[in-house]
A.B. asks: 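Sharing a structure below in C-alpha cells format, with a few things to ask.
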Number of protein chains: 2
Amino acid sequence: MSKNAEFIDKLRSSGLRPTKQRLKICEVLFNRDKTFHFTINDLSKIISDKLGEKISLATVYNTVHAFKNKGYLKEISINSDKSYFDTNISNHHHFYDQDTNELIDCDNELIGNVNIKKNITGKKINSVEVLIKVASDNQNQN
Amino acid sequence: MSKNAEFIDKLRSSGLRPTKQRLKICEVLFNRDKTFHFTINDLSKIISDKLGEKISLATVYNTVHAFKNKGYLKEISINSDKSYFDTNISNHHHFYDQDTNELIDCDNELIGNVNIKKNITGKKINSVEVLIKVASDNQNQN
DNA sequence: CAACAGTTTAGAATAATTATAATGTATTGT
DNA sequence: ACAATACATTATAATTATTCTAAACTGTTG
Ligand SMILES: [Mn+2]
Ligand SMILES: [Mn+2]
Ligand SMILES: [Zn+2]
Ligand SMILES: [Zn+2]
C-alpha cells in the first residue's frame, strides 16, 4: 500500500475525509521511521515554517484529536503546560530529558515487567507507564 | 512540635513568613493523616466553601508553588487540563481512576524495583514513576 | 445544476496560570 | 512609639493552551 493510500485509510477509519490539509498533517506525522513526539504547536510550526503551508489551528487540533481517539496517536502528559502526542502507539515508556524537554522512547522490553502488588477492587488496569526523568548531573529536579 | 509550629517551620524554610492566609493553607494541606491529592481549584474551594475563608487565588498559587519548590509538595501530571499536587513527597507511584479522576497512592514497596535496561549517556536519573490507569471493566481508555 | 453533508477557517470564548501594581501588614532601627 | 523598610495580599489584567462558533468553502449526489 502506498504511503498516500495509508494516509487515506487512516483518515477514513478515523471518520474523516481525506482532504489536502489532513493529508498534509498525515505526511508530517506518519511519513517517518522513528517515533515523533510533538506538541500541537510543534506540528503547527512544522507545517507553516518548513512546509510553507497554512492550516488553521482548529483543523490541526481536530485532526490530531480524531487520530488520538481512533488510537493512531497517544497523548502523554509530562507537565501541566504542554501536552505531548506520540506516534508510537505501542505500550512503551519514556525518558524525559529535563534539560531539553524532550521525550525519548523506552520500549517495553527495556523495562522488566512492572510487578504491581496491589489492586483496586472493581477496577481493571488499562495501562502501566513508567516515566523516567533525567538530566545532566549538575541539574535541578522537577 | 505542635502542628502550628510545624506549619510555621515549613513556611519559614520555604522562604515565606507565616501569615494567617498561609497558615490556613497549611492546615488544609498538612493537618491530615493520609495523602492529599489536589488541584489548586480543589484547595481553593475547600478554603472558601468548607472553611468560609477567602484567600485570593494568587496567594494560593504562590504558596503552593513555594512549597513545591521547597519539596513539601510534589506536582503530578496526568492529563493536560489539570495539574495535581500531592502531599506525599516520598518516591511513590500512582493509580489513576479514569472513572472518578482520582489519584491513589501506590507506595514504592508495592511495585517491584523497576529494572531499566537502557541509559541516556551523560544524563542521570532523577526519578522513576509508574502511572497505572484503572477503570471499571466496561469502560473506555485514555 | 441544485441540494446536501462535511470541512476549513478566523476569530471568539473558556480556563488555567502567571504577572502587575496598588494597598495592607509586619519588622526593624532609633 | 515612630518612621522606614521589607514583605504579603489582593483584585485585576495578561498570557497561554485549548475548545467553540458560525460563516464561507468544497466535494458529492440526485
Ligand atoms: Mn507548573
Ligand atoms: Mn486533551
Ligand atoms: Zn513515545
Ligand atoms: Zn501520591
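By convention in this document, chain letters (A, B, ...) are assigned in the order of the sequence lines, proteins followed by strands, and residues within each chain are numbered from 1. Everything quoted here is computed from the prediction, not taken from an experiment.
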A.B. asks: Are Asp99(A) and Lys123(B) ion-paired here, with the side-chain N under 4.0 Å from a carboxylate O?
C.D. replies: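 Between Lys123(B) and Asp99(A) there is a salt bridge, with a charged N closer than 4.0 Å to a carboxylate O.
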A.B. asks: Starting at atom NZ of Lys82(B), determine the distance to atom C1' of dT17(C), rounded to an integer number of angstrom.
C.D. replies: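 Atom NZ in Lys82(B) sits about 16 Å away from atom C1' in dT17(C).
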A.B. asks: What is the distance from NZ of Lys24(B) to C1' of dT10(D), rounded to the nearest Å?
C.D. replies: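 So the NZ-C1' distance, Lys24(B) to dT10(D), works out to 18 Å.
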A.B. asks: Establish, with yes or no, whether the OP1 or OP2 oxygen of dT18(C) is under 4.0 angstrom from a side-chain nitrogen or oxygen of His65(B).
C.D. replies: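 Answer is yes, contact under 4.0 Å.
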A.B. asks: Can you tell me which nucleotide in dT9(C), dT18(D), dA19(C) comes closest to the side chain of Ile55(A)?
C.D. replies: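 For Ile55(A), the side-chain atoms sit closest to dT9(C).
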A.B. asks: Of the listed nucleotides (dT17(C), dT27(C), dG6(C)), which one gets closest to any side-chain atom of Arg17(A)?
C.D. replies: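 It is dG6(C).
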A.B. asks: Please classify the nucleic acid contact of Lys54(A) as base, sugar-phosphate, or nothing, using heavy-atom distances under 4.0 Å.
C.D. replies: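 Touches sugar-phosphate only.
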A.B. asks: Any base atoms under 4.0 Å from Thr59(B), or only sugar-phosphate, or nothing? Heavy atoms, all strands.
C.D. replies: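 The residue Thr59(B) makes base contact.
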A.B. asks: Among dA11(D), dA10(C), dA8(D), find the nucleotide with the atom closest to the side chain of Ala58(A).
C.D. replies: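 The nucleotide sitting nearest to the side chain is dA10(C).
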A.B. asks: In whole angstrom, give the distance that lies between atom OH of Tyr61(A) and atom C1' of dT8(C).
C.D. replies: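 Spelled out: OH on Tyr61(A) to C1' on dT8(C) is 17 Å.
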A.B. asks: When Ile132(A) is tested against each of Asn126(B), Val114(B), Ile116(B), Asn119(B) for side chain to side chain contact (heavy atoms under 4.5 Å, CB included), which residue passes?
C.D. replies: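 Single side chain to side chain contact (heavy atoms under 4.5 Å, CB included) partner of Ile132(A) among Asn126(B), Val114(B), Ile116(B), Asn119(B): Ile116(B).
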A.B. asks: Rounding to an integer number of Å, can you tell me how far Asn69(B) CG sits from dT18(C) P?
C.D. replies: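 Atom-to-atom, Asn69(B) to dT18(C), this comes out as 10 Å.
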A.B. asks: State whether the number of non-hydrogen atoms from other residues, nucleotides or ligands found under 6.0 Å of Lys45(B) atom NZ is greater than 12.
C.D. replies: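 Open: at most 12 neighbouring heavy atoms sit under 6.0 Å from NZ of Lys45(B).
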A.B. asks: Checking contacts here: which listed nucleotide (dT8(C), dA19(C), dT18(D)) is nearest the side-chain heavy atoms of Gln21(A)?
C.D. replies: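 So the side chain of Gln21(A) is nearest to dT8(C).
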A.B. asks: Could you check how far CZ of Arg12(B) sits from C1' of dT27(C), rounded to whole Å?
C.D. replies: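 In whole Å, dT27(C) C1' lies 11 Å from Arg12(B) CZ.
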A.B. asks: Are the side chains of Asn113(A) and Asn115(B) in touch, meaning some heavy atoms are under 4.5 Å apart?
C.D. replies: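 In short, these two side chains do not touch, never coming nearer than 4.5 Å.
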A.B. asks: What is the separation between atom CG on Asn62(A) and atom C1' on dT21(D), rounded to the nearest whole Å?
C.D. replies: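 In whole Å, dT21(D) C1' and Asn62(A) CG are 12 Å from each other.
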